[in-house]
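We name chains A, B, ... by the order of the sequence lines, and we start the count at 1 in each one.
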2 protein chains.
Amino acid sequence: MTPSSTLPEQIATHLRRNILRGVLAPGDPIKERDNALEMGVSRTPLREAVRILAKEGLVILRPARSPVVADPSLEEARASVEVLQALETLSGELACRNASDAEIAEIRRIFEQHSSLSKTAEGDALIDLFEVDMAFHTAIARASHNPALAETHAAFLARMWRQRYLSAVQRRARDRVHHQHENIVLGLEARDPKRVGAEINAHISALINNLVRLYAARDAGQEITSHEKGIE
Amino acid sequence: MTPSSTLPEQIATHLRRNILRGVLAPGDPIKERDNALEMGVSRTPLREAVRILAKEGLVILRPARSPVVADPSLEEARASVEVLQALETLSGELACRNASDAEIAEIRRIFEQHSSLSKTAEGDALIDLFEVDMAFHTAIARASHNPALAETHAAFLARMWRQRYLSAVQRRARDRVHHQHENIVLGLEARDPKRVGAEINAHISALINNLVRLYAARDAGQEITSHEKGIE
DNA sequence: AATAGCTTTTTGGCATACCAAATGAAAGTC
DNA sequence: GACTTTCATTTGGTATGCCAAAAAGCTATT
C-alpha cells in the first residue's frame, strides 16, 4: 500500500497492520531481537520503527523494558477522540474555505467508493473498507490546506486506529456512517463551514458512543479471556 | 549523570535549549557525527534525539540529508498557530467543566505573577516573563484533564516557542495580553466555556496578527542578513 | 516445603564499523 | 572559457558486538 521510502517506515507500517489485525494483541511485548530477525532486518531500523509507533501512541515505551502494544483505557481513548474531534472539525471548516473543487470532488469519490464497499464488505475486505474510511477523513484534513493540522490529525487517527477499526466494522453503524459522510460531502460542496463542522462533530460523537459500548462489551468478556489464559 | 531520564531525552533537551536560545540558528544542519563527538556520545542516541525534536517540529528531516533546524515560513507558522488556537480553545472549554477549584486558583496565581513581571521586565528577565506566560497556557491545557490534549498542546507550544517569544516580549502587546489573560481567568472562575473559548480565540488571533508583523519586519531586514552572509 | 538469595539468561541501550547515496570540486572536452 | 562528467569526500542508513540491568530459575537454608 505505502511504498514508503525509508525502511523504518516500512517496518512501522508492517507492525501497525499486525497490531490492527490483532496479530499483536494489546499488552503484547515487542522484543526487538525476535522481530528483527523474523522480518530479516537489523535491530536498529526496527528500533526506530518502534519509536514511530510510540509517537503515534500505538505502543508504550518503558525504560529498560520491552515496549508493549498500547491498551488504552476507555478514558484515555475518549480523551484522544475528543482531540480528534476538535481537529476534524477544524479541518472541515478550513476545507470549506481552502479546498479546491478538485479536492472536494476527490472527497466525494472516496465517499462513494466507501459507500459501495460498505454494502458488501465482509471478512478480510473489512480492512479495505476501513482504510477507505480513513482515507475519507484524511482527505478532508489535507483539503484544509493546513499541513500542521493534516499531520497532527493523521497522528491521532493512527493512535485511534484500532478503536476506529473496531467501531467501523460494526454492521449496525454502517447506515449511520453513510448518511453522516454524505452530509459532510454535501456540506463541503456547499462550502458551508457551520454545517460541515456540525456534521463532523456528530460523526465523532457517535464514535465516542460506539467506543463506550465496545469497551463495556470487552470488559464483560474479560473474565472469559482470563479463564482461557489460566487454561493455557 | 543519569538524574532525569534517558540519554536521548537528555540530548534532545540539550539541543532544544540550543535551538531556542539561538545557538543553533534556523536553517543550520544538525550533523550527527559532529554533534555526537562534540557531546561525547555516540551517533545512535543522538540520532534518536533528533527524531524527538523532529516530532516536535523543531527540526526538519529530509531523506538522506542532514536534518536542519526548522525555519517556518509565515504560512507555516500561521498554520501551526491555527491548530494551537483550536487546541487552546478546547482546553479552555474543557477546563471550565473539569478543572478543580485549586487548579483554577493556580491559574490565577500564575496570571498575577505574569502581570506583575510584565510591568517591569526588561533584558534577560524577559525570558522569565515569557516562561510564566507559557506556564499560564500550559496550566490551562492541563486543567482540561485531558492528557492527550495537554501533550499535543505542549508539543505545538514548543514548536512555536521562538515565534511566541518574539511576540510576547513586545512592549506594545503587553497591555492587551494582560487584559485578555484576565478575561480568561474570570471566565474560568465563572466556569463559562463560551466566554473562555471566545477570549482564548481572540488571544491567539492577536498572536497571529503579531506574527504577520514580525515576519514582515524580519523579511525587510533579510537583505542585510544576506549581505552579512556574503561577507563571511 | 517455602522462601530468600544467588546465578543464569534474556533483553534493551550504546558504540562502532561498514555501506550507499549525495554533494562538491576538479579535470577534461566541446 | 563554460559546461559536463567523474571521482573523492562527506554524511546518513544499517548491521552487529558488547555491556548493564532486569527477569526467571535454581539451590540452599530454615
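Side chains of B:Glu88 and B:His203: no donor on one and acceptor on the other come within 3.5 Å.
Look at CZ on A:Arg62: it is 11 Å from P on C:dG13, rounded to the nearest Å. One interatomic measurement links the two molecules: CG of A:Asp34 to P of C:dT11, which rounds to 6 Å at whole-angstrom precision. For the pair B:Leu37 CG and D:dG12 P, the computed distance is 13 Å after rounding to whole Å. Straight-line distance from the CD atom of A:Gln10 to the C1' atom of D:dG13: 13 Å, rounded to whole Å. In this entry the distance linking CD of A:Glu32 with P of D:dT14 reads 15 Å, nearest Å. When rounded to the nearest whole Å, the span between CZ of A:Arg33 and C1' of D:dT16 equals 10 Å. The interatomic distance linking A:Glu9 (CD) with D:dT14 (P) rounds to 12 Å, in whole Å. To the nearest angstrom, C1' of D:dA20 lies 14 Å from CG of B:Leu7.
Within the nucleic acid shown, A:Leu46 has no heavy atom closer than 4.0 Å to any nucleic acid atom. Nucleic acid contact class of B:Ile11 (heavy atoms, under 4.0 Å, all strands): none. Using a 4.0 Å heavy-atom distance criterion, A:Ser66 is classed as a sugar-phosphate-only contact.
The side-chain heavy atoms of A:Thr152 and B:Phe156, taken from C-beta on, include a pair separated by under 4.5 Å.
Remark on DNA chain D: of its neighbouring residues B:Lys31 and A:Val41, the 5'-side contact belongs to B:Lys31, judged by nearest-heavy-atom nucleotide.
OP1 or OP2 of D:dG13 has at least one side-chain nitrogen or oxygen of B:Arg51 nearer than 4.0 Å. Between B:Ser42 and C:dA15, a side-chain N or O to OP1/OP2 separation shorter than 4.0 Å is present. Within the structure, a side-chain polar atom (N or O) of A:Arg47 is placed less than 4.0 Å from OP1 or OP2 of C:dG13.
Side chain A:Arg43 to base C:dG13: a donor-acceptor pair is found below 3.5 Å.
Ring centroid separation for the pair A:Tyr165 and A:Trp161 does not come in under the 6.0 Å cut-off. Ring to ring, A:His181 and A:His137 are close: their centroids are under 6.0 angstrom apart.
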Derivation of the side chain to side chain donor-acceptor pair (under 3.5 Å) call for A:Arg16 and A:Thr13: CA-CA 5 Å; A:Arg16 194 167 19 221; A:Thr13 302; 3.3 Å; yes
